[in-house]
Amino acid sequence: MAQDAPRFHVPAPHARPGDTPDFSHIEVQPAGEAKRPDVAVPGMETRDLALGLIGVLDHNHQAVGEWDPKLDADVLREGLKHMMLTRAYDDRMLKLQRQGKMSFYMKSTGEEAIAVAGAMALDKGDMVFPSYRQQGMLFARGRDIVEMMCHCISNSRDNLKGRQLPVHYTWAEGNFFSISGNLATQFPQAVGYAMACRYKGESQIAASWIGEGSTAEGDFHGALVLASTYKAPVVLNVVNNQWAISTFQGIAAGDAPTFAAKGLGYGLASLRVDGNDFLAVYAATQWAAERARKGHGATVIESFTYRADAHSTSDDPSGYRPKGEGEAWPLGDPIARLKNHLIGLGEWDEERHVALEKELNELVIASYKEAESYGTLHDGPLSPVESIFEDVYAEQDWRLRRQRQDLGV
Ligand SMILES: Cc1ncc(C[n+]2csc(CCOP(=O)(O)OP(=O)(O)O)c2C)c(N)n1
């Protein structure tokens, strides 16, 4: 091989363990600068929005610019509460996993605004197809915490009867689609659901969330083709938290300037939004939902954020990224930012914040106590053994009956 032959190219992150965190390459378009076009805008005309960054909360925690959704203080406080509950829940569940009370857990620390604002900006009748990191949606939609915990400890009250890994929630009554471990499969399913809504003349829409790493799956691209061709009423969210386990976002991005930019290639309206800005996520989702409901088609939204904690309880990020990278993230913490905004409006204060934190922690502890009254992972009671043969098909066939008899249950 010639000495000057081009080398095989493998992108690398800006910093590794032992390095100083470095986000100097990230350009942050100032809050309030992005234009907010009419929801009927042709997809290709959203180019600047796909390459820029929609932000509402500025450095002084004030809401600025055309994307300000101008929400009532009550709605903002509700959003803050759901985000704080999500964090309290995550922190407690991690502890419980470390104590061996649960086999596995995944936190969403730093990404609470994406789930909570996303859910609050949609109608409760809209169908959501989340990944495993949008538990905040369950709180925003009013899911019972005890039920969530019973699923995670797989006890007798687990609505999934112990068949799924923890955090793979299912809640049909809340229009929360069953979470699957297979990355990105929910994206085309959400598009198909949205197509069915339109075909039947119903007004609901669908929305889905995948991580930036998951956009490398074929299902991401299939979903965008279908959504574009049939103008499906769907909101397709890419949560770019910079990391797919130990793999930095540049591996899935390729040479594309942003993940939102990928939507443009399919002719879809594409927005890139500050994922740690509750107001910006709310406004972008509201825009995309209105566009979908009015028949102008799908929107791709990249939420730009940072996965502040480990990928899961089976992961140790110190092996692949510098310590303190989360604190160096230029877009801050979503809870702190909304809190400061509310304080600036005179609609919140430190005492109320501390009191709410305490109340939510107590709620989570009491909920876990109640969940354990329906059984623990180690001592049961769990779902009956024979239930492992149920729901494989709508009706049990002779083979399953035989296997069940062989097991003597
Ligand atoms: C089809 C498939 N491939 C690989 C995995 C293993 N896996 C689970 S999570 C994950 C990383 C996903 O990263 P990303 O999409 O960025 O989402 P994040 O975890 O950062 O929220 C991988 C590779 C899987 N579950 N499914």
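Remember, it's 1-based here, ligands and their atoms both numbered in the order they're listed. Remember, predicted model here, so these are calculated numbers, not experimental data.
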Participant: To the nearest 0.5 Å, tell me how far Y193 OH sits from N175 CG.
Facilitator: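 So the OH of Y193 and the CG of N175 are separated by 5.5 Å.
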Participant: For the pair Y89 and Y105, name the ring-plane relationship: parallel under 30°, tilted 30 to 60°, perpendicular over 60°.
Facilitator: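 Y89 and Y105: perpendicular rings.
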Participant: Please determine, by modelled atom types, if N240 and Y306 share a side-chain donor-acceptor pair under 3.5 angstrom.
Facilitator: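 Per modelled atom types, N240 and Y306 side chains form no pair under 3.5 Å.
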Participant: If you compare all heavy atoms of V235 against all heavy atoms of A289, which two are closest, and at what distance to 0.1 Å?
Facilitator: CG2-N, 4.1 Å
Participant: Side chains of E33 and W67: is there a donor and an acceptor less than 3.5 Å apart?
Facilitator: no
Participant: In order of chain and number, which residues sit within 4.0 Å of ligand 1 by heavy atom?
Facilitator: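 The answer is Y132, R133, G181, N182, L183, G211, E212, G213, S214, E217, N241, W243, A244, I245, H311, counting any residue whose heavy atom sits under 4.0 Å from ligand 1.
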Participant: Does any part of the side chain of S131, heavy atoms only, come nearer than 4.5 Å to the side chain of Q186, both counted from C-beta?
Facilitator: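 Of all side-chain heavy-atom pairs linking S131 with Q186, at least one is under 4.5 Å.
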